[in-house]
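Note that the structure is predicted; figures quoted are calculated from it, not measured.
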Amino acid sequence: MVDAIYGKKVGCTQVFRENGDAVYVTVVEAGPCVVVQVKDKDKDGYNSLQVGFDSISERKVNKPAGGVFSKNNITPKRYLKEIRVESFDREYKPGDSIDISIFKPGDKLKITGSSRGRGFSGVIKRHNFHRGKMSHGSHSHRIPGSVGMCATPSRIFKGKKMPGRLGGKKVTIPAAEVVDIIKDENLVLVKGSVPGSKGSMVYLRKI
Amino acid sequence: MNKIDKLENKYLKEDITGFKPGDRVRVSIKISEENKDRIQAFEGRVIKKQGSGINKTFTVRKISFNNIGVERTFLLHSPVIQSIERIDEGIVRRAKLYYLRGMVGKKAKVKIKK
């Protein structure tokens, strides 16, 4: 059964439940994903669907990628991704589309995306260190402080928390609840936040 | 109109009676208990309106027993609010009536439009 889809983060807002609770939701525009290639266990070693998502103009794809789409009469897509499937419940062929009807309100989803890149960050932002005094003669404002001992061991331990690149990594939300689904606009409302900036791609998978 | 505005519009109420800071209002709130719903009223003066769209809130201040001020902030479009009834219209020169917080008795009064 196909229980996953690719989507694009639209933004965040809040909506009301029937009992009056206000819920913070992230709006994800998910699908429709068009099947480009079907991979099966006998031929490829595993079952999966190669899908395209997010239509773009023909001018924007290069010739090798364009050929994949034009072979199957599909409008060119920005992303070409795979959805792993344990076993097919029906036969899929190139051109079939997968939409958000696979989800319903109340489902729990695993959401994978790439977090926002923050560049080279200090230890306060990166590892939640505390800062030093900003005044009263203090010069240690946002510095990491001592990083180790003296002549013994005369080295810094591996894994010491230090400044460095932060964000821009693959992050998975373990169980986000589907609050609502708007079928005619392909919008999924999931409770809580989702990694990435607006417009970034996310992968929604039912648990 | 972007997708989020369109989505929020679905949740907005259309039949909201006009009221502004300084007005005295009675807010009917639905309270769900184990197996029945009941309506509770909260009456007081509106001291602020804030936010936009689905996030719009207003704060009502009332003086309870022993001159203790009680403030409640409501989401204007919340389905919990059954009705908002305007009792009188106050004459105020500010949008946020925080000055009422420090006043008791006669000083805490607001002029009323006749």
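- Between Glu29(A) and Lys3(B), at least one side-chain N (NZ, or NE/NH1/NH2) sits under 4.0 Å from a carboxylate O, which counts as a salt bridge.
- Heavy-atom distances place no part of Ser32(B) under 4.5 Å from chain A, backbone and side chain included.
- Closest approach of Pro79(B) and Gly20(A) over heavy atoms only: CG-CA, 3.6 Å.
- The two atoms that bring Val80(B) and Asn19(A) nearest to each other are CG2-O, 3.9 Å, heavy atoms only.
- Rounding to the nearest 0.5 Å places CD of Glu8(B) at 10.0 Å from CZ of Phe16(A).
- Atom CZ of Arg118(A) is surrounded by more than 12 heavy atoms from other residues, nucleotides or ligands within 6.0 Å.
- When heavy atoms are compared at a cutoff of 4.5 Å, Val27(A) approaches chain B solely by way of its side chain, counted from C-beta outward.
- Under a cut-off of 6.0 angstrom, the local environment of NZ in Lys96(B) is crowded, with over 12 non-hydrogen atoms contributed by other residues, nucleotides or ligands.
- Heavy atoms closer than 4.5 Å to chain B are found in the side chain of Glu185(A), but not in its backbone.
- Contacts between Ile81(B) and chain A at a heavy-atom distance below 4.5 Å are absent for every atom of the residue.
- No more than 12 heavy-atom neighbours from other residues, nucleotides or ligands sit within 6.0 angstrom of CZ on Arg165(A).
- Surrounding NZ of Lys191(A) are at most 12 heavy atoms belonging to other residues, nucleotides or ligands under 6.0 Å away.
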Discussion item. Quick one, Tyr11(B) with Thr13(A), criterion side-chain contact (heavy atoms from CB on, under 4.5 Å). Give me CA distance, side-chain angles, the key distance, then yes/no.
Written reply: CA-CA 12 Å; Tyr11(B) 291 90; Thr13(A) 181; over 6 Å; no
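- Both the backbone and the side chain of Ile54(B) come within less than 4.5 Å of a heavy atom in chain A.
- Residues Gln14(A) and Leu75(B) are in side-chain contact: their nearest non-hydrogen atoms beyond the backbone lie under 4.5 Å apart.
- Counting non-hydrogen atoms of other residues, nucleotides and ligands closer than 6.0 Å to CZ of Arg142(A) gives a total of 12 or fewer.
- Around the NZ atom of Lys160(A), the shell of radius 6.0 Å holds more than 12 heavy atoms that belong to other residues, nucleotides or ligands.
- Neither the backbone nor the side chain of Lys30(B) comes within contact range of chain A; no heavy atoms are under 4.5 Å apart.
- Within a 6.0 Å radius of NZ in Lys41(A), other residues, nucleotides and ligands contribute 12 heavy atoms or fewer.
- The number of heavy-atom neighbours closer than 6.0 Å to NZ of Lys20(B), taken from other residues, nucleotides and ligands shown, is above 12.
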